[in-house]
Amino acid sequence: MKLNVFKWIFCIAFVAIFISGCTGTEDDIVVINDKPVSREKNYSTDENEYRIYLITMDLADDFWRSIDSGCRQAVEEIGYIDYHWIGPDVNEDAPQMECIDQAVAEEADAILLAASSPRGVNASLEKAEAAGVKIIYVDNAAEFDCVAFLATDNELAGMVAAETLQEALSKAGITSGTIGLAVNKANVTSTALRVKGFRKKFEGTKFVLDNTFFMEDTPQNLKKYVANHPEYVAFFGSNERTALAIGEQMRDSGSKQIVMGFDTSDAVLTLLHDGYLYATLQQRPQTMGHDGVKIAIEALKGEYTDTNVRVDTGVRVLHKDSI
């Protein structure tokens, strides 16, 4: 009798567990940059799932991570997106072309691209276009047709950087002297435009602007350049890496030259807070990623039909007391 009772208890428990397991629901999961993210929010089985890739110049800078963060926010808001962030280990055309080709082979519907150079990846973009992939540029564009290009107005930003540095020089009572300018890569359009705007604003002044120094992913070279010019009154680092290298050189050497930075990684903001940068310009990379994904989806649905639209995402000057 006891044995039969135990059998009944066991059977009832097994059935309960089985029913519980069958009726339980699990969120749909999509892997975003190797991290599982729920897409249950706003998800509708009536919608087609779109596959979108973010491809940046590399995967190292905080700036790219911020664009990725904006993309993820849009993915969670919209819901029916299979999203991936990929990029080369180094900022060069050939490995970025491999990333574009990979996205096309994996049937991407849209690519958000920070192009490594104006023309260096065009062959892969031609393949993407032929496959029906929508192309949206973020931060830096190639010379190839797109749906939209979301970025800072870099020439205007360079002028703002120059005005800010002129303000600092005036406060310090400095009315003439040589200023050093640095970019990371020679073939990047965004920083070239910043330098162009910066130079334009100094035309007609008593200041001399040195030839642009190209860091080429080697901060130590830029630090050496700065150390070799103690007579320069100021420096302009036109992106996150160059601003960081110049600021670190000021910190390590004890030099008091005025430094105008660009971008807002934690390391750059620390240098700003500690007084090694006079100011830095804050872009809006999260807006680039977020709005880029939204435009991509609208274009895929046929709701966004414009082409080669330029969207200025703006900049803001940050001083020590701004953070």
Quick one: which of Arg65, Arg241, Lys185 gives a salt bridge (Lys or Arg N to Asp or Glu O under 4.0 Å) with Asp58?
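Single pass found, and it is Arg241.
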
Would you mind reporting whether [Y] and [X] have side-chain heavy atoms less than 4.5 Å apart?
{"X": "Lys134", "Y": "Ile136", "value": "yes"}
{"X": "Thr152", "Y": "Thr313", "value": "yes"}
{"X": "Leu318", "Y": "Ile323", "value": "yes"}
{"X": "Tyr304", "Y": "Val147", "value": "yes"}
{"X": "Val311", "Y": "Asp291", "value": "no"}
{"X": "Val188", "Y": "Met57", "value": "yes"}
{"X": "Thr191", "Y": "Asn154", "value": "no"}
{"X": "Val75", "Y": "Ile78", "value": "no"}

Please round to the nearest 0.5 Å and tell me the distance separating atom [atom1] of [X] and atom [atom2] of [Y].
{"X": "Leu271", "Y": "Leu244", "atom1": "CG", "atom2": "CG", "result": "6.0 Å"}
{"X": "Asp153", "Y": "Leu193", "atom1": "CG", "atom2": "CG", "result": "8.5 Å"}
{"X": "Met288", "Y": "Asn140", "atom1": "CE", "atom2": "CG", "result": "10.0 Å"}
{"X": "Leu222", "Y": "Thr242", "atom1": "CG", "atom2": "OG1", "result": "6.5 Å"}
{"X": "Ile295", "Y": "Phe149", "atom1": "CD1", "atom2": "CZ", "result": "12.0 Å"}
{"X": "Phe207", "Y": "Thr178", "atom1": "CZ", "atom2": "OG1", "result": "10.0 Å"}

Between [X] and [Y], what is the shortest heavy-atom contact and its length?
{"X": "Pro88", "Y": "Cys99", "answer": "N-SG, 3.7 Å"}
{"X": "Ser238", "Y": "Arg194", "answer": "O-NH1, 2.7 Å"}
{"X": "Ile179", "Y": "Leu181", "answer": "O-CD1, 3.6 Å"}
{"X": "Ala243", "Y": "Leu277", "answer": "O-CD2, 4.0 Å"}
{"X": "Leu169", "Y": "Ala234", "answer": "CD2-CB, 4.3 Å"}
{"X": "Gly292", "Y": "Leu150", "answer": "N-CD2, 3.8 Å"}

Would you indicate whether His273, at its atom NE2, is surrounded by more than 12 heavy atoms from other residues, nucleotides or ligands within a distance under 6.0 Å?
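Result for NE2/His273: open.
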
Please check if the number of heavy atoms outside Asp89 that lie under 6.0 Å from its CG is greater than 12.
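No, the 6.0 Å shell around CG holds no more than 12 heavy atoms from other groups.
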
Audit row: Ser66, Gln286, side-chain hydrogen bond (donor to acceptor under 3.5 Å, both in side chains) steps and yes/no
CA-CA 5 Å; Ser66 294; Gln286 285 187 303; 5.7 Å; no

Mutual orientation of the aromatic rings belonging to Phe198 and Phe202 [parallel < 30°, tilted 30-60°, perpendicular > 60°]:
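Aromatic pair Phe198/Phe202 classed tilted.
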
Classify the ring geometry between Tyr50 and Tyr80 as parallel (under 30°), tilted (30 to 60°) or perpendicular (over 60°).
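If you compare the ring of Tyr50 with that of Tyr80, the planes turn out tilted.
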
Short N-O contact, Glu77 and Lys294, less than 4.0 angstrom:
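Salt bridge: no.
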
Look only at the side chain of Thr218 and the backbone of Glu216, and say whether a donor-acceptor pair between them is shorter than 3.5 Å.
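Yes; judged by distance alone, with no hydrogens or angles, the pair exists.
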
Verify, without hydrogens or angle tests, whether Asp274 (side chain) and Tyr276 (backbone) share a donor-acceptor contact under 3.5 angstrom.
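No, Asp274 side chain to Tyr276 backbone: no donor-acceptor pair under 3.5 Å.
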
With sequence neighbours excluded, what pairs up with Glu163 under the salt bridge (Lys or Arg N to Asp or Glu O under 4.0 Å) test?
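By the salt bridge (Lys or Arg N to Asp or Glu O under 4.0 Å) rule, Glu163 matches Lys201.
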
Does the side chain to side chain contact (heavy atoms under 4.5 Å, CB included) test come out yes or no for Glu203 and Thr205, once each step is laid out?
CA-CA 6 Å; Glu203 290 176 358; Thr205 71; over 6 Å; no

Consider only side-chain N and O atoms of [X] and [Y], and report whether a donor and an acceptor are under 3.5 Å apart.
{"X": "Tyr53", "Y": "Gln102", "answer": "no"}
{"X": "Ser124", "Y": "Asp101", "answer": "yes"}
{"X": "Ser255", "Y": "Gln257", "answer": "yes"}
{"X": "Asp217", "Y": "Asn91", "answer": "no"}
{"X": "Tyr83", "Y": "Asp68", "answer": "yes"}
{"X": "Thr212", "Y": "Arg199", "answer": "yes"}

Quick one: are the ring centres of Phe235 and His229 less than 6.0 Å apart?
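Between Phe235 and His229, the centre distance exceeds or equals 6.0 Å.
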
N/O donor to acceptor pairs below 3.5 angstrom from side-chain atoms of residues 260-269, sequence neighbours left out:
residue: Asp263; atom: OD1; partner: Gln283; partner atom: NE2; Å: 2.6
residue: Asp263; atom: OD2; partner: Glu240; partner atom: N; Å: 3.2
residue: Ser265; atom: OG; partner: Val268; partner atom: N; Å: 3.2

State yes or no: do [X] and [Y] share one hydrophobic cluster built from I, L, V, M, F, W and Y residues joined by side-chain heavy-atom distances below 4.5 Å, directly or via other members?
{"X": "Ile81", "Y": "Trp85", "result": "yes"}
{"X": "Val233", "Y": "Val226", "result": "no"}
{"X": "Tyr278", "Y": "Met250", "result": "no"}
{"X": "Phe236", "Y": "Met159", "result": "no"}
{"X": "Phe63", "Y": "Leu54", "result": "yes"}

Report the C-alpha separation of Lys223 and Gln220 in whole Å, then their side-chain angles, then the decisive distance to 0.1 Å, and conclude whether the side chain to side chain contact (heavy atoms under 4.5 Å, CB included) test is met.
CA-CA 5 Å; Lys223 292 180 181 182; Gln220 196 56 41; 4.0 Å; yes

Could you go step by step and tell me if Asp82 and His84 meet the side chain to side chain contact (heavy atoms under 4.5 Å, CB included) rule?
CA-CA 7 Å; Asp82 178 13; His84 305 268; 2.9 Å; yes

Could you walk me through whether Ile100 and Ile55 pass the side chain to side chain contact (heavy atoms under 4.5 Å, CB included) test, one step at a time?
CA-CA 7 Å; Ile100 297 169; Ile55 303 176; 3.9 Å; yes

Distance-only donor-acceptor pairs under 3.5 Å for side chains of residues 109-122, two or more places apart:
residue: Asp109; atom: OD2; partner: Arg51; partner atom: N; Å: 2.8
residue: Ser116; atom: OG; partner: Asp93; partner atom: OD1; Å: 2.6
residue: Ser116; atom: OG; partner: Gln96; partner atom: OE1; Å: 3.1
residue: Ser117; atom: OG; partner: Asp93; partner atom: OD1; Å: 2.8
residue: Ser117; atom: OG; partner: Asp93; partner atom: OD2; Å: 3.0
residue: Ser117; atom: OG; partner: Gly120; partner atom: N; Å: 3.0
residue: Arg119; atom: NH1; partner: Glu143; partner atom: OE1; Å: 3.0
residue: Arg119; atom: NH1; partner: Glu143; partner atom: OE2; Å: 3.0
residue: Asn122; atom: ND2; partner: Glu143; partner atom: O; Å: 3.3

